[in-house]
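Lettering of chains follows the sequences in order, A, B, ..., and the numbering in each one begins at 1.
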There are 2 protein chains.
Amino acid sequence: MQTLSSGDSEQASSLHQRILDDIESRILSGEWQPGYRIPFEHELTEQYSCSRMTVNKALTQLAKAGMIERKRRSGSFVSKPQSQAAVLEIHDIRDEVEQLGLPYRYELQKSVSRKSTAADGKKLEIERNTPLIELTCRHYAGKRVFALEERIINLLAVPDAAQTDFSKQSPSPWLVACVPWSNAQHAIRAVAADDNVAAILGIPAGAACLVIERQTWNAGQPVTYVRLTYSGDSHALVARFAPSQG
Amino acid sequence: MQTLSSGDSEQASSLHQRILDDIESRILSGEWQPGYRIPFEHELTEQYSCSRMTVNKALTQLAKAGMIERKRRSGSFVSKPQSQAAVLEIHDIRDEVEQLGLPYRYELQKSVSRKSTAADGKKLEIERNTPLIELTCRHYAGKRVFALEERIINLLAVPDAAQTDFSKQSPSPWLVACVPWSNAQHAIRAVAADDNVAAILGIPAGAACLVIERQTWNAGQPVTYVRLTYSGDSHALVARFAPSQG
DNA sequence: CAGTGGTCTAGACCACTTC
DNA sequence: AAGTGGTCTAGACCACTGC
């Protein structure tokens, strides 16, 4: 019979959660090193005086979090330290600016409906001559341009976009609200501002900018590509992570 | 009685997984809009001809993924599109270089044991005069410097680091292997290379660099701070995400 | 072939919340 | 007060796999 760490910092209400926390703390503390074979389910059943389902629930979650590996007939083993994966929260630009305590303003710079070219195909996986909308917008924080947004939207995936007026509302929230998405990919780079970008952002040409490119798909169909350019000194992406968070 | 989408692209082996996929696809397709009250557990039990536990497992996972919200006495409801959160995989630099097909080389530039100053306190939440090690290393891809690593390690948290020779092995893998960590935070920025960094990376002064700063804690105690500087044209962080991935 | 984890059941009690 | 989700049980069958 094993004593549960009920005196832990935060009390876990459910039994399977306490079991999970207990095993997790043994792993994180180093008491159970990578490769260690943790007790079998039926042993934990006795130790915690509960049914196998309850133990299984805890172990299944630990396995999903990558802390343990489970093998039939062999048992469950503590994983090697996992490849570090950080959760990046991507906020709405409006919120970002307002959290800085600055007045937010949005401005549509350019809006063109056209057929896709080969260059578009590199941004979004669409065939040539696909109808699309190309948008260029600016997000202001006070009087400064906080971010430059360049976007193309696949009209085959989002026909409604053709009838939508993006001069008042920014395309990002509209897309998030109206279009389901199943998959996305980010690329984050540091690039030097070219003359055009420099003029828009009000920084010297060649200055460092943070560029975020995002492609979004829905059910295998490309939806939109966006390139956000931030002045390097005005923006940082922040990511927090912990080794196992359900 | 409801027909399961068994003809889906990828066959889900378990029943609760098929139920999960089925409900998820209804949400992603827009058939069940945000706010829609999904059938009660006992209704789904009938629809899928299974026990409540099985339905519950699927719904619990969907709730954990943020796709639905569950309320006692009211039911389960489709969530509003969640704030976009991307999973950033942080790879070992060695792997990164080798995946580019380039020979990897590591070089320790500087290693100093000293007491912390106020400047260190801004990087890592430690008090003044805490013993620490300061390291400066270079990671080469072929003949070019791929990344510059500047690190401090809290010797109160990692006393072993004082006796470790970092001239042969890079501190990151050593730390990952030897020190459990419970929490970390990244900040990703674009900065201009100063003269020193420019000389090391072999780029013009002022050129755009991608900087990743990471602080790591274990059980509330600060462990290490590292600042990685990549030449802007050589590196991009890539993150993929989907709205619900267990 | 024996024992592991993977999955599922039918039923139970409870806390909470809205009615 | 009634019905929801949250949790747990005791037992079952199965597939896989290392002995």
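Here C/dG3 presents its C1' atom at 14 Å from CZ of A/Arg70, a figure rounded to the nearest Å. Computed from coordinates, the A/Ile38 CD1 to C/dG5 C1' distance equals 11 Å when rounded to whole Å. Rounded to whole Å, the distance from CG on B/Leu62 to P on D/dG6 is 12 Å. We find that NZ of B/Lys64 is positioned 13 Å from C1' of D/dT7, with the value rounded to whole Å. The distance from atom CZ of B/Phe40 to atom C1' of D/dA2 is 12 Å, rounded to the nearest whole Å. Distance, B/Leu20 CG to C/dG6 P: 17 Å, rounded to whole Å. One interatomic measurement links the two molecules: CD of A/Glu69 to P of D/dG18, which rounds to 13 Å at whole-angstrom precision. The CD atom of A/Gln61 sits 13 Å away from the C1' atom of D/dG6 (whole-angstrom rounding).
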Give me the distances for all protein-to-nucleotides 8-11 of chain C N/O pairs that come in under 3.5 Å?
unit_1: C/dC8; atom_1: OP1; unit_2: B/Leu15; atom_2: N; d: 2.3
unit_1: C/dC8; atom_1: OP2; unit_2: B/His16; atom_2: N; d: 3.4
unit_1: C/dC8; atom_1: OP2; unit_2: B/His16; atom_2: ND1; d: 2.6
unit_1: C/dT9; atom_1: OP1; unit_2: B/Ser51; atom_2: N; d: 3.3
unit_1: C/dT9; atom_1: OP2; unit_2: B/Ser51; atom_2: N; d: 2.7
unit_1: C/dT9; atom_1: OP2; unit_2: B/Ser51; atom_2: OG; d: 2.8
unit_1: C/dT9; atom_1: OP2; unit_2: B/Thr54; atom_2: OG1; d: 2.5

Using atom names, set out every protein N or O paired with an N or O of nucleotides 14-17 of chain C below 3.5 Å, distance rounded to 0.1 Å.
unit_1: C/dA15; atom_1: N3; unit_2: B/Arg72; atom_2: NE; d: 3.4

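Residues that satisfy the ring-ring contact (aromatic ring centres under 6.0 Å, His included) test with A/Phe77, not counting sequence neighbours, are absent from this structure. Under the rule for a ring-ring contact (aromatic ring centres under 6.0 Å, His included), B/Tyr225 has no partner lying at least two apart in sequence or in another chain. Here A/Trp32 pairs with A/Tyr36 under the ring-ring contact (aromatic ring centres under 6.0 Å, His included) rule; sequence neighbours left out. Partners of B/Tyr106 according to the ring-ring contact (aromatic ring centres under 6.0 Å, His included) rule, which considers only residues two or more places apart in sequence or in another chain, are B/His139. In this view, B/Ser29 satisfies the side chain to side chain donor-acceptor pair (under 3.5 Å) rule with no residue, not counting sequence neighbours.
Looking at B/Asp95 and B/Gln99, their side chains never bring a donor and an acceptor atom within 3.5 Å of each other.
Listed by first then second residue, pairs satisfying salt bridge (charged side-chain N to carboxylate O under 4.0 Å, His left out) with a partner in residues 31-45 of chain A read A/Arg26-A/Glu31, A/Arg37-A/Glu43, A/Glu41-A/Arg52, A/Glu41-A/Arg70, not counting sequence neighbours.
Phosphate proximity of C/dG5 to A/Thr60: absent, as no side-chain N or O sits under 4.0 Å from OP1 or OP2.
Salt bridge status for A/Glu213 with A/Lys123: absent, with no side-chain N to carboxylate O gap under 4.0 Å.
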Quick one: side chains of residues 157-166 of chain A, donor-acceptor pairs under 3.5 Å with protein atoms, not counting sequence neighbours, listed by atom name and distance.
unit_1: A/Thr164; atom_1: OG1; unit_2: A/Asp160; atom_2: O; d: 2.8
unit_1: A/Asp165; atom_1: OD1; unit_2: A/Ser167; atom_2: N; d: 2.9
unit_1: A/Asp165; atom_1: OD1; unit_2: A/Ser167; atom_2: OG; d: 2.7
unit_1: A/Asp165; atom_1: OD2; unit_2: A/Ser167; atom_2: OG; d: 3.0

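For the pair B/Asn56 and B/His42, both in contact range of DNA chain D, the more 5′-proximal nearest nucleotide belongs to B/His42.
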